[in-house]
Amino acid sequence: MRRESWYDYFGSNEKLLWEGAPEPLGLPGIGGILLSVFGMPFFGVGSFILFTALTGGAVPDESGSFEWTGIWLFLFGTPFFLVGATLFLGPWLYYATAHKFLRYALSNRATYVANSFLGRRMKVYPLDHIGEVELEFGRHDSVFFHKSLQKDNGGDTVETRAGFENIRDGRHVYDLIRKWQKDLTA
């Protein structure tokens with residue numbers, strides 16, 4: 001988003017305090033890493049099956065022909081490969097390229113997270129509704145300001161966090177949010 005375009009979404013008397021985007025080549029959080037580890041076996045098995053099918057390492061059928069066995073192996077291995085590649089490589093590619101489709105803004109009234117990955121959407125978190133603010137240090141800092149608990153399909157409670165992830169000036173943004181929270185509650 002262009003700097004002046006944030007004002008299209010701001011309310012009256014709202015001013016821009018900070019804007020940014022994730023740093024290039026950011027790293028996924030623990031959830032993304034666990035998803036990647038979960039996808040490794042699917043990716044490995046799918047790759048092996050496709051390699052076997054394409055190199056002719058298949059077992060011959062009753063007629064001694066390899067043709068149909070290779071085709072069936074290829075069809076069988078493709079879903080494993082695609083799901084595995086998505087789970088294994090997806091989180092890394094998402095965070096490595098997040099700077100191209102994620103934009104963050106902080107105003108004197110709210111935080112904004114604009115996402116143009118697979119469609120355009122924006123989430124707004126008013127500063128007077130933000131509770132605890134977390135600052136995570138790393139190669140690139142992250143400032144989290146929203147938590148929500150949701151039930152997954154298995155009935156387990158899952159916590160999701162929202163914030164400005166993998167940003168360069170995390171400490172500065174954290175201090176700005178805390179300052180404006182105090183000013184709004186005073």
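In this chain, residues are counted from 1 in sequence order.
- Using a distance-only test at 3.5 Å, with no hydrogens or angles considered, no donor-acceptor pair links the side chain of Y95 to the main chain of P22.
- For the pair E136 and R161, the salt-bridge criterion is met [side-chain N within less than 4.0 Å of a carboxylate O].
- In this structure, R171 pairs ionically with D175, as a charged nitrogen and a carboxylate oxygen lie closer than 4.0 Å.
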Please lay out, stage by stage, how E165 and H140 fare under the test side-chain contact (heavy atoms from CB on, under 4.5 Å). CA-CA 8 Å; E165 296 185 60; H140 305 298; over 6 Å; no
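- Here the straight-line distance linking atom OG1 of T111 with atom NE2 of H146 works out to 9.5 Å at 0.5 Å rounding.
- When all heavy atoms are compared, the tightest approach of A53 to L73 is CB-CB, 3.7 Å.
- Taken from CG in N108 to NZ in K179, the straight-line distance is 9.5 Å, to the nearest 0.5 Å.
- Remark: I49 CD1 to F81 CZ distance equals 12.0 Å, nearest 0.5 Å.
- Between S107 and the choices K15, E19, E14, the side-chain hydrogen bond (donor to acceptor under 3.5 Å, both in side chains) rule is met once, by E14.
- Of all heavy-atom pairs spanning H99 and A21, the tightest one is O-CB, 4.4 Å.
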Check step by step if side-chain contact (heavy atoms from CB on, under 4.5 Å) holds for V143 and E134. CA-CA 6 Å; V143 179; E134 293 180 51; over 6 Å; no
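- Electrostatic pairing of E23 and R168 counts as a salt bridge here, judged by a charged N lying under 4.0 Å from a carboxylate O.
- Between the CZ atom of R109 and the OG atom of S12 there is a distance of 6.5 Å, given to the nearest 0.5 Å.
- Checked against the 6.0 Å centroid threshold, F164 and F145 count as a close aromatic pair.
- Taking every heavy atom of both residues into account, A110 and P126 meet most closely at CB-CA, 3.8 Å.
- If you chain together hydrophobic residues whose side chains sit under 4.5 Å apart, Y104 and Y94 fall into the same group.
- N115 places a side-chain heavy atom less than 4.5 Å from the side chain of R121.
- The shortest non-hydrogen separation linking N166 to S142 is N-OG, 3.0 Å.
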If you look only at distance, which donor and acceptor atoms sit under 3.5 Å apart when one is on a side chain in residues 29-42 and the other is two or more places apart or in another chain?
| residue | atom | partner | partner atom | Å |
| --- | --- | --- | --- | --- |
| S36 | OG | F88 | O | 2.7 |
| S36 | OG | W92 | NE1 | 3.0 |

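- A 4.5 Å side-chain heavy-atom check between F74 and T52 finds every atom pair outside the cut-off.
- Taking CZ of F144 as the start and CD1 of I177 as the end, the distance is 11.5 Å to the nearest 0.5 Å.
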Could you walk me through whether Y112 and F10 pass the ring-ring contact (aromatic ring centres under 6.0 Å, His included) check? CA-CA 10 Å; Y112 295 81; F10 287 176; 5.1 Å; yes
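- Shown here for L82 and T86, the closest heavy-atom pair between the two residues is O-OG1, 2.8 Å.
- Atoms CG and CG, on L106 and L16 in that order, are 8.0 Å from each other to the nearest 0.5 Å.
- Between F48 and F43, the ring center distance fails the sub-6.0 Å criterion.
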